[in-house]
> 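This is the structure I want to talk about, given as structure tokens.
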There are 2 protein chains.
Amino acid sequence: MSADGGFLEDTRSWLLTRRRGQVIFDAGEPAGLMYRVESGCVRLQINNPDGERQIVVFLFPGDLFGYEITDRVCSAEAVSDSTLRCWPVQAFLKSPQEQPRVTIQLLEAAQRRFGEMAEHIDKITHLPAKERVLWFLNGLLTCPGLPREGGRIHLPMTRLDIADYLGVAPETLSRILAGLEEDGYLRRDGRRDLELSPEGFPNARSEASLKLKTAHR
Amino acid sequence: MSADGGFLEDTRSWLLTRRRGQVIFDAGEPAGLMYRVESGCVRLQINNPDGERQIVVFLFPGDLFGYEITDRVCSAEAVSDSTLRCWPVQAFLKSPQEQPRVTIQLLEAAQRRFGEMAEHIDKITHLPAKERVLWFLNGLLTCPGLPREGGRIHLPMTRLDIADYLGVAPETLSRILAGLEEDGYLRRDGRRDLELSPEGFPNARSEASLKLKTAHR
DNA sequence: CGATCAATTGAAATCGTTCAACTGACGTGG
DNA sequence: CCACGTCAGTTGAACGATTTCAATTGATCG
């Protein structure tokens with residue numbers, strides 16, 4: 001998920017720390033800095049007028065964000081205490097030296113994010129709640145930035161965060177996790193720690209897809 | 001939605017036509033050309049392994065797409081017969097003359113798209129089916145590239161396309177449209193034409209939001 | 001003008017939400 | 001260091017919106 005090619009390192013930057021829940025920037029604000037997560041976890045989200053929240057993506061160490069050129073397109077908040085490295089975007093865009101290399105990097109990062117969001121929409125609309133949760137958990141397992149020992153995961157985010165990411169009521173998420181624990185696929189340890197079964201998950205879709213649905217166009 | 005600053009015009013390009021339903025490119029393919037819709041309508045979509053489809057965005061005249069640098073992150077197909085202007089992306093990225101100006105344009109286009117997709121996810125997860133349809137119809141009304149005379153719209157896409165965009169069953173969409181017509185908010189004329197009421201829509205959210213929900217964090 | 005398939009309509013089933021109550025994890029102050 | 005309070009998280013039960021399956025209509029095209 002990280003996208004620096006070493007260019008960023010050569011450029012003036014500085015560190016910032018944000019505490020759990022702190023706002024990094026809000027949708028609509030004029031952009032200035034771009035960030036890379038050094039430690040912790042950040043969420044990009046939409047805060048809609050009805051007071052509801054849609055978390056668009058969780059960002060982990062190595063991930064770049066906030067490289068808007070004009071205005072912020074969504075809000076960013078620290079999920080857990082985090083340290084961020086930041087650069088003034090304008091510096092890149094104006095420097096004829098750095099500009100080409102960096103903007104292409106950013107363009108690629110943006111494309112990658114686009115693909116991930118498209119997948120996100122797809123999962124939310126086509127998967128039932130349980131399989132969304134499994135998808136999320138699998139994503140955690142293959143997330144390079146997340147501190148992890150074996151199948152043991154320390155979640156930086158709350159249940160409500162996860163629910164708002166998956167488009168599910170927190171109660172539903174709770175029931176699903178309880179069910180997975182019941183069936184031996186994981187063990188909950190406090191609010192933040194998960195022990196995922198090494199044998200992997202029910203893999204519900206491979207069964208379901210045997211039904212050989214014929215949609216497609 | 002359009003994002004050219006005149007730079008593109010100076011660069012070698014050519015026209016392409018695609019018939020309704022034709023594939024423009026598929027997810028995973030190596031990228032080569034980038035496109036601008038000149039006439040017609042294009043959809044970007046995810047074709048998931050279960051044969052289901054999620055339409056991510058409809059593109060209209062003026063819209064740029066396909067500016068991936070490496071691989072296609074989703075598929076593109078013509079919704080209606082369309083003409084497309086295309087450029088080799090590499091030509092921009094290699095030319096020191098054009099590169100800076102164009103990549104910044106593309107970066108901005110990508111950011112705009114990001115914001116729209118985030119909103120799309122938000123609508124899908126937080127709005128009930130009827131309001132999703134109203135949101136879509138309102139979007140059509142404020143879409144500069146769509147041929148329109150007053151409140152009369154000629155839809156380039158099928159009901160199934162719309163359903164796959166909104167994350168709703170086609171039957172549900174059908175019932176909702178019937179209901180809106182029943183209530184005098186629109187008139188259906190064949191499969192492709194809609195006459196939207198000039199007084200606008202029920203504006204369901206403003207009533208609903210009087211309930212003053214207190215979510216947010 | 002007829003065939004075909006998109007679109008519509010009906011009825012039943014279901015998954016997830018909602019409302020409400022409870023539990024217990026975590027941190028704070030004594 | 002332990003007791004206590006608070007709020008995140010969990011559990012229960014009922015409701016309801018949307019899906020699903022099935023049948024029908026009707027628009028569009030050859």
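This is a predicted model, so every value here is computed, not measured. Letters A, B, ... mirror the listed sequences (proteins, then strands); counts begin at 1.
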> May I ask you to decide whether A/E116 forms a salt bridge with A/R113, counting only side-chain N to carboxylate O separations under 4.0 Å?
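Judged by the 4.0 Å cut-off on N to carboxylate O distance, A/E116 and A/R113 do form a salt bridge.
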> Can you measure A/L186 atom CG to D/dT10 atom P for me and round it to whole angstrom units?
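Atom CG in A/L186 sits about 11 Å away from atom P in D/dT10.
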> Quick one: A/E181 CD to D/dG9 P, roughly how many Å, whole number?
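For the pair A/E181 CD and D/dG9 P, the rounded distance is 15 Å.
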> For DNA chain C, whose closest nucleotide is more 5', that of B/A178 or that of A/L173?
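The residue mapped nearer the 5' terminus is B/A178.
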> How does protein contact run along nucleotides 23-30 of chain D, one letter per nucleotide 5' to 3', with B for base contact, S for sugar-phosphate only, - for none, heavy atoms under 4.0 Å?
---BBS--
> Can you name the closest pair of heavy atoms from B/Q22 and B/R19 and give their distance?
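The answer is OE1-N, 2.7 Å.
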> Can you name the nearest heavy-atom pair linking B/G66 to B/V89, along with the distance?
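That closest heavy-atom pairing would be O-CG2, 4.3 Å.
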> Take the protein atom CG of B/L166 and the nucleotide atom P of D/dA17, then report the distance between them rounded to whole Å.
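The answer, rounded to whole Å, is 19 Å.
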> For atom CZ of A/R20, is the number of surrounding heavy atoms from other residues, nucleotides or ligands below 6.0 Å larger than 12?
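Open: at most 12 neighbouring heavy atoms sit under 6.0 Å from CZ of A/R20.
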> Identify which nucleotide among D/dG9, D/dA22, C/dG16 has an atom closest to any side-chain atom of A/A129, counting heavy atoms from C-beta outward.
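My answer, after comparing the listed nucleotides, is C/dG16.
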> So A/G167, base contact, sugar-phosphate only, or nothing? Heavy-atom distance under 4.0 Å.
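Counting heavy atoms under 4.0 Å across all strands, the contact made by A/G167 is with sugar-phosphate only.
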> Side-chain N or O of A/S174 less than 4.0 angstrom from OP1 or OP2 on D/dG9?
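No, no such contact exists.
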> Drop me the distance from A/D71's CG to B/Q111's CD, to the nearest 0.5 angstrom.
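One finds 11.0 Å between CG of A/D71 and CD of B/Q111.
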> Measure the distance from CD on B/E171 to P on C/dT14 and round it to the nearest whole Å.
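Answer to the nearest Å: 17 Å.
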> What is the separation between atom CZ on B/R188 and atom P on C/dA6, rounded to the nearest whole Å?
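The distance from CZ of B/R188 to P of C/dA6 comes to 17 Å, rounded to the nearest Å.
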> Looking at A/F58, is A/R43 sitting on its ring face, NZ or CZ under 6.0 Å from the six-membered ring centre and within 45 degrees of the normal?
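Judged by the rule, A/R43 and A/F58 form no cation-pi pair.
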> What integer distance in Å separates A/D164:CG from C/dT17:P?
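For the pair A/D164 CG and C/dT17 P, the rounded distance is 11 Å.
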> Please give, in whole Å, the distance from C/dG16 P to A/L177 CG?
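A/L177 atom CG is separated from C/dG16 atom P by 14 Å.
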> So what does B/T172 hit on the nucleic acid, given a heavy-atom distance under 4.0 Å: a base, only sugar-phosphate, or nothing?
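Answer is base: heavy atoms of B/T172 come under 4.0 Å of a base.
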> Going through the checks in order, is the ring pair (Phe, Tyr, Trp, His ring centres under 6.0 Å) test met by B/F114 and A/F114?
CA-CA 7 Å; B/F114 178 94; A/F114 178 94; 9.4 Å; no
> Please state whether the base of D/dT20 and the side chain of B/R175 form at least one donor-acceptor pair under 3.5 Å?
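Flag set: donor-acceptor pair detected.
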> Rounding to a whole Å, what distance do you find between A/I124:CD1 and C/dG16:C1'?
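My rounded result for the distance is 14 Å.
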